[in-house]
Amino acid sequence: MKKRFVTICMISVLAIVLVTGMTVFFRSDVSANNESVIQYEQVEIKSGDSLWSIAKEHYKEPCGDIRDYVDQIRKCNNLKSDEITEGYYLCIPVYTNDF
């Protein structure tokens, strides 16, 4: 009975070490590749805002070219032009390495 208990404990500890190791390995692998995750943020359109000014405010390197980022914002919000209205909200893609 005591031998069985020790075996179960050892298997449990080994499983925990294995899962922890895999988690650290895969998490560091993603960070090493500088891969970004896209999250979405809602931004209220204020007086004087334009699609381009909002894009410039939230733009980061992984977004690609600023024109591509503006296109992404248009697609997220089903916009056919750059025209936006004060008081409405835009869905903005935000690139992050935080998981």
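Taken from NZ in K56 to CG in L51, the straight-line distance is 11.0 Å, to the nearest 0.5 Å. With values rounded to the nearest 0.5 angstrom, Y89 atom OH is found 13.5 Å from I84 atom CD1.
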Pair up each side-chain donor or acceptor in residues 40-49 with any protein partner under 3.5 Å, not counting sequence neighbours, and list the distances.
unit_1	atom_1	unit_2	atom_2	d
D49	OD2	K46	N	2.8

Run the side-chain contact (heavy atoms from CB on, under 4.5 Å) test on Y95 and H58 for me, step by step, so that the C-alpha distance in whole Å, both residues' side-chain angles and the decisive distance to 0.1 Å come before the verdict. CA-CA 9 Å; Y95 291 78; H58 295 275; over 6 Å; no
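In this structure, N77 has no side chain to side chain donor-acceptor pair (under 3.5 Å) partners at least two apart in sequence or on a different chain. The side chain to side chain donor-acceptor pair (under 3.5 Å) test applied to N78 returns no partner, not counting sequence neighbours. Taking K60 as the reference, P62, C63 meet the side chain to side chain contact (heavy atoms under 4.5 Å, CB included) condition, with sequence neighbours excluded. Taking Y59 as the reference, nothing meets the side chain to side chain donor-acceptor pair (under 3.5 Å) condition, with sequence neighbours excluded.
The hydrophobic clustering, which links ILVMFWY residues whose side-chain heavy atoms are closer than 4.5 Å, places L90 and I38 together.
What you find for I73 and P93 is that their closest heavy atoms are CG1-CD, 3.9 Å.
For residues 72-87, the salt bridge (charged side-chain N to carboxylate O under 4.0 Å, His left out) pairs, not counting sequence neighbours, are D71-R74, R74-D82.
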